[in-house]
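Let me begin by presenting the structure, written as structure tokens, before commenting on it.
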Amino acid sequence: LPPDGGNNLGFDKLVKEVKNKILYGLDLDKLKEIYEKKIYNNKICIARGKLPIKGENGYIKWYFNFENKYKPKILKDGSVDYKNINLINNVKKGEKLAERIPATEGENGVTVTGEVIPATKGQEVYLKIGQNVFLSEDENAAYAIKDGQVVYRDGKISVYEVYDINGNVDNTTGNIYFNGMVKIKGNVLTGFYVKAMSDIEINGVVEGAIIESNGNVIVKRGIQGFHKGKLSCKGNIYTKFIENSNVQANNDIHAEAIMHSKVISGNNIEVNGKKGLIVGGICKAKNEIKVKTIGSPMGTSTVLEVGVDPE
């Protein structure tokens with residue numbers, strides 16, 4: 001307000017009076033401008049407080065594709081690869097799956113009169129785990145207990161040792177690479193690839209596909225390879241029939257019929273059941289071949305070899 005008689009305050013006295021009230025954020029240059037220019041009857045900002053800074057929310061750092069969103073790869077020639085869409089998140093025992101980044105406290109604010117304005121802490125998030133996963137002591141990291149497929153479902157991280165496919169292996173699944181056991185309810189169609197570090201169990205038919213397993217392979221309906229199919233494993237192979245295929249096992253091979261195929265066993269080949277037939281192609285076994293009927297009246301060339309390691 002303008003003076004009404006009396007003497008003007010000196011600048012130092014003015015600053016002292018203001019500082020009795022204003023304890024933070026005083027703009028001395030602005031105060032001096034008001035004093036020297038004798039600015040009256042205006043609202044002028046001479047101090048600013050400090051707003052509180054809210055803490056950052058905690059978040060989860062993922063080490064796998066937790067959203068299960070996949071896009072087919074576009075190749076250099078412009079075509080799209082629908083076979084290798086990487087549906088499975090394979091992990092190994094001890095591998096870090098996710099990390100919790102805690103929320104921060106934030107930074108307090110202050111009013112021009114020196115009062116503290118408390119900051120709001122960021123919102124916390126927590127790791128929730130399912131089967132075959134454990135948390136670190138501080139609960140800020142999740143690790144796999146076993147090899148398998150990691151999934152994020154119902155808010156929990158889990159590792160499954162078995163990968164279930166409810167239908168066929170086709171363009172909807174792409175090729176399958178899994179470091180556990182694979183169970184397929186349908187068929188494996190021509191041109192696709194299934195590789196597993198453990199057993200593979202197929203309820204349907206294997207067409208002209210490639211199957212590789214470090215364990216056993218069970219094909220409940222049979223293998224119709226169309227001269228393209230290749231099946232190999234380090235364990236045993238159990239199937240109803242083998243036709244126009246290339247099949248190799250480190251151990252035994254069991255079937256009801258083998259037709260026009262190349263079949264190699266590191267131990268025994270047993271062809272039993274109603275037909276018990278081997279016709280056409282080549283069958284090699286290190287130890288023994290058990291079969292009811294070999295060859296056919298049509299004179300189809302059928303070759304059997306035993307007693308020598310096929311390798």
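Formation of a donor-acceptor pair under 3.5 Å by the Glu124 side chain with backbone atoms of Ala103 is found in this model. No donor-acceptor pair closer than 3.5 Å links the side chain of Asn187 to the backbone N or O of Leu189. Counting only distance, with no hydrogens or angles, the side chain of Thr239 and the backbone of Ala255 share no donor-acceptor pair below 3.5 Å. Asn250 contributes no side-chain N or O that, together with a main-chain N or O of Gly266, makes up a donor-acceptor pair within less than 3.5 Å. Remark: side-chain polar atoms of Ser136 are paired, donor with acceptor, to backbone N or O of Ala141 under 3.5 angstrom. Between the side chain of Ser296 and the main chain of Met298, a donor-acceptor pair closer than 3.5 Å is present. Looking at Asp199, its side chain never comes within 3.5 Å of a backbone N or O of Val217 through a donor-acceptor pair. Listed for the Asp252 side chain is a donor-acceptor partner under 3.5 Å among the backbone atoms of Asn268. Checking side-chain atoms of Asp154 against main-chain N and O of Lys156 turns up no donor-acceptor pair under 3.5 Å. Of the possible donor and acceptor atoms, none in the side chain of Ser245 sits under 3.5 Å from a partner among the backbone N and O of Ile242.
Hydrophobic clustering, with ILVMFWY side chains joined whenever heavy atoms are under 4.5 angstrom apart, groups Leu304 together with Val247. Residues Val91 and Ile145 fall into different hydrophobic clusters, defined by Ile, Leu, Val, Met, Phe, Trp and Tyr side chains chained together at heavy-atom separations under 4.5 Å. Both Val271 and Val306 are assigned to one and the same hydrophobic cluster, defined by single-linkage of ILVMFWY side chains at heavy-atom distances under 4.5 Å. With hydrophobic clusters built from ILVMFWY side chains whose heavy atoms lie under 4.5 angstrom apart, Val279 does not share a cluster with Ile282. In the hydrophobic cluster analysis, where Ile, Leu, Val, Met, Phe, Trp and Tyr join through side-chain heavy atoms closer than 4.5 angstrom, Val303 is grouped apart from Ile278.
A salt bridge does not link Glu95 to Lys92: none of the charged nitrogens lies less than 4.0 Å from a carboxylate oxygen. With salt bridges taken as basic N to acidic carboxylate O contacts below 4.0 Å, none links Glu207 and Lys228.
Taking CZ of Phe241 as the reference point, atom NZ of Lys275 lies at 8.5 Å (rounded to 0.5 Å). Distance check, rounded to the nearest 0.5 Å: CG of Asn140 to CG of Asp138 gives 4.0 Å. Here CZ of Arg221 is found 12.0 Å from CD1 of Ile202. Values are rounded to the nearest 0.5 Å. The NZ atom of Lys32 lies 15.5 Å from the CD1 atom of Ile46; values are rounded to the nearest 0.5 Å. A distance of 13.0 Å separates CD1 in Ile22 from CZ in Arg48, rounded to the nearest 0.5 Å. The CD atom of Gln123 sits 15.5 Å away from the OH atom of Tyr59 when rounded to the nearest 0.5 Å.
The side-chain heavy atoms of Ile60 and Trp62, taken from C-beta on, include a pair separated by under 4.5 Å. No side-chain heavy atom of Val219 sits less than 4.5 Å from a side-chain heavy atom of Val205. Within the 4.5 Å cutoff, the side chain of Leu97 has no heavy atoms near those of the Leu127 side chain. Taking 4.5 Å as the limit, every side-chain heavy atom of Asn244 sits out of range of all side-chain heavy atoms of Phe226. In this structure, Leu31 and Asp27 have side chains that are not in contact, with every pair of non-hydrogen atoms separated by 4.5 Å or more.
The closest side-chain donor-acceptor pair between Asn287 and Asn267 falls under 3.5 angstrom. Defined by atom type and a distance below 3.5 Å, a donor-acceptor pair is missing between the side-chain atoms of Asn42 and Tyr40. Donor-acceptor pairing under 3.5 Å is recorded for the side chains of Glu212 and Tyr193. Remark: the Gln131 side chain and the Tyr160 side chain contain no N/O donor-acceptor pair separated by less than 3.5 Å.
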Begin from the C-alpha positions of Tyr152 and Phe64 and carry the test ring pair (Phe, Tyr, Trp, His ring centres under 6.0 Å) through to its verdict. CA-CA 9 Å; Tyr152 181 68; Phe64 65 95; 7.4 Å; no

Assess the residue pair Glu161 and Lys146 against the criterion (salt bridge (charged side-chain N to carboxylate O under 4.0 Å, His left out)); give the C-alpha distance rounded to whole Å, side-chain angles, the decisive distance to 0.1 Å, and a yes or no. CA-CA 7 Å; Glu161 294 179 275; Lys146 296 183 177 180; 3.5 Å; yes

Between Glu311 and Lys286, is the salt bridge (charged side-chain N to carboxylate O under 4.0 Å, His left out) condition met? List the steps. CA-CA 9 Å; Glu311 293 294 326; Lys286 180 179 178 181; over 6 Å; no

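The two residues Gly280 and Thr300 have their closest heavy-atom pair at CA-CG2, 3.6 Å. Closest approach of Ser158 to Gly130, counting heavy atoms only: OG-CA, 3.3 Å. Residues Gly148 and Asn179 come closest through the heavy atom pair O-OD1, 3.1 Å.
The aromatic rings of Phe178 and Tyr163 lie tilted to each other, with the angle between the two planes from 30° to 60°.
Heavy-atom neighbours of Glu56 CD from other residues, nucleotides or ligands within 6.0 Å: at or below the threshold of 12. Within 6.0 Å of NZ on Lys185 lie no more than 12 heavy atoms contributed by other residues, nucleotides or ligands.
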